[in-house]
Each structure stands twice: as C-alpha cells, then as structure tokens.
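Positions are given from 1 along the sequence. Worth saying up front: this structure is predicted, and the values here are computed from it rather than measured.
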Amino acid sequence: EVQLQASGGGLVQTGGSLRLSCAASGFTFDDYEIGWFRQAPGKEREGVSCFSSSDGSTDYVDSVKGRFTISSDNAKNTVYLQMSSLKPEDTGVYYCAAGRVCGLGIPEAWHYGMDYWGKGTQVTVSS
C-alpha cells in the first residue's frame with residue numbers, strides 16, 4: 001500500500017522557519033518524483049517544489065525560490081522541505097505527493113503528474 005505521510009507543520013511568525021517531512025512507503029522511491037503542494041483557503045492547489053531522486057534535480061515555484069529547499073534522505077525514503085523567511089502568504093495546507101512527472105507546466109498544473117497523495121499538514125505564518 002502506497003503511503004505518504006507529511007509532518008512538521010505548525011504556527012510560526014513571519015520570518016520564521018519550518019521543516020516539513022514526507023515519509024514515503026509502498027513504492028520504489030527512485031521510480032517516482034516527489035512534490036510538495038499547498039492550498040490556501042479559497043485558492044487553487046499550487047505546486048511548491050519537486051524532487052527527482054533519480055537525478056537529484058529540483059524545481060520550485062518562483063514565489064519560494066531562495067527561501068525553500070527540497071532535499072531527500074533516500075535511505076529513509078523521506079523528502080524534506082526546509083522553509084525559511086516564511087511569509088503570511090505561505091500559509092496553507094501542505095501536501096506531499098508522488099508521481100511520474102513533477103514540475104511540468106505552471107505550478108497550478110503540477111498536480112496532474114502526481115499519482116499518490118498524502119494527508120496534508122497545516123502551515124500558518126502569522127504577521
């Protein structure tokens with residue numbers, strides 16, 4: 001059974017940091033790309049960052065470039081999203097997902113390439 005477990009969300013002040021974790025199981029980690037997505041109330045789900053374990057390539061939505069870093073521990077089948085210099089507009093439910101293709105097209109369309117989704121973790125950035 002494929003499982004993706006996101007954790008690490010919380011409440012943080014503007015400028016603060018959080019590290020999200022996505023623990024994956026039930027599939028061959030190297031065969032899939034892992035993505036982080038977020039959805040704020042009343043807004044579309046948006047791709048945030050992608051990671052390909054096969055070649056280590058990464059992708060980010062423009063709004064988080066320079067502030068967020070995606071990485072993985074392949075031995076633990078876990079992908080991390082280090083979020084720094086957080087802003088109120090980063091608030092939302094963050095989901096991790098696995099799929100054959102991540103980061104294709106506009107960030108609002110990245111989810112089309114994902115096959116498996118985990119439950120989200122809430123990130124709230126207070127002003």
Just how far is it from atom [atom1] of [X] to atom [atom2] of [Y], taken to the nearest 0.5 Å?
X	Y	atom1	atom2	answer
R38	L81	CZ	CG	9.5 Å
S25	E1	OG	CD	7.5 Å
S54	D30	OG	CG	7.5 Å

Do [X] and [Y] come within less than 4.5 Å of each other through their side chains, counting heavy atoms only?
X	Y	result
V123	M83	yes
V12	T124	no
F37	V93	no
Y80	L20	no
D115	R100	yes
I70	V79	yes
S17	Q82	yes

Determine whether the side chains of N74 and S72 contain a donor N or O and an acceptor N or O closer than 3.5 Å.
yes
Taking it one step at a time, do D55 and S57 satisfy side-chain hydrogen bond (donor to acceptor under 3.5 Å, both in side chains)?
CA-CA 6 Å; D55 62 6; S57 60; 2.7 Å; yes
Taking the side chain from [X] and the backbone from [Y], do they hold a donor-acceptor pair closer than 3.5 Å?
X	Y	result
T78	K76	yes
T14	S126	yes
S49	D59	yes
T121	A6	no

Are [Y] and [X] connected into the same hydrophobic cluster when the rule is that any two of I, L, V, M, F, W, Y join if their side-chain heavy atoms are below 4.5 Å apart?
X	Y	value
V48	L104	no
V2	V101	no
Y95	L18	no

Of all the heavy-atom pairs spanning [X] and [Y], show the shortest one and how long it is.
X	Y	result
I34	C22	CG2-SG, 4.5 Å
T58	Y60	OG1-CE1, 3.7 Å
G105	W110	O-NE1, 3.0 Å
E33	C102	OE1-N, 2.8 Å

Does R45 qualify as a cation-pi partner of W117, given the criterion of NZ or CZ under 6.0 Å from the six-membered ring centre and within 45 degrees of its axis?
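Here R45 passes the 6.0 Å and 45° test against W117.
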Can you tell me how the ring of Y94 sits relative to the ring of F68, calling it parallel under 30°, perpendicular over 60° and tilted otherwise?
tilted
Check the pair V61 / E46 against side chain to side chain contact (heavy atoms under 4.5 Å, CB included), numbers first and verdict last.
CA-CA 9 Å; V61 65; E46 174 189 44; 3.8 Å; yes
For T91 and Q122, what are the C-alpha separation, side-chain angles and deciding distance, and is it a side chain to side chain contact (heavy atoms under 4.5 Å, CB included)?
CA-CA 8 Å; T91 294; Q122 176 71 46; 4.1 Å; yes
Go through S63 and E89 one step at a time and tell me if the side chain to side chain contact (heavy atoms under 4.5 Å, CB included) criterion holds.
CA-CA 10 Å; S63 61; E89 51 264 43; over 6 Å; no
Would you call D90-K87 a salt bridge at under 4.0 Å N-O?
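No, no charged N to carboxylate O under 4.0 Å.
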Set out, in order, the CA-CA distance, both residues' side-chain angles and the distance that settles side chain to side chain contact (heavy atoms under 4.5 Å, CB included) for F51 and W36, then state yes or no.
CA-CA 9 Å; F51 180 85; W36 283 100; over 6 Å; no
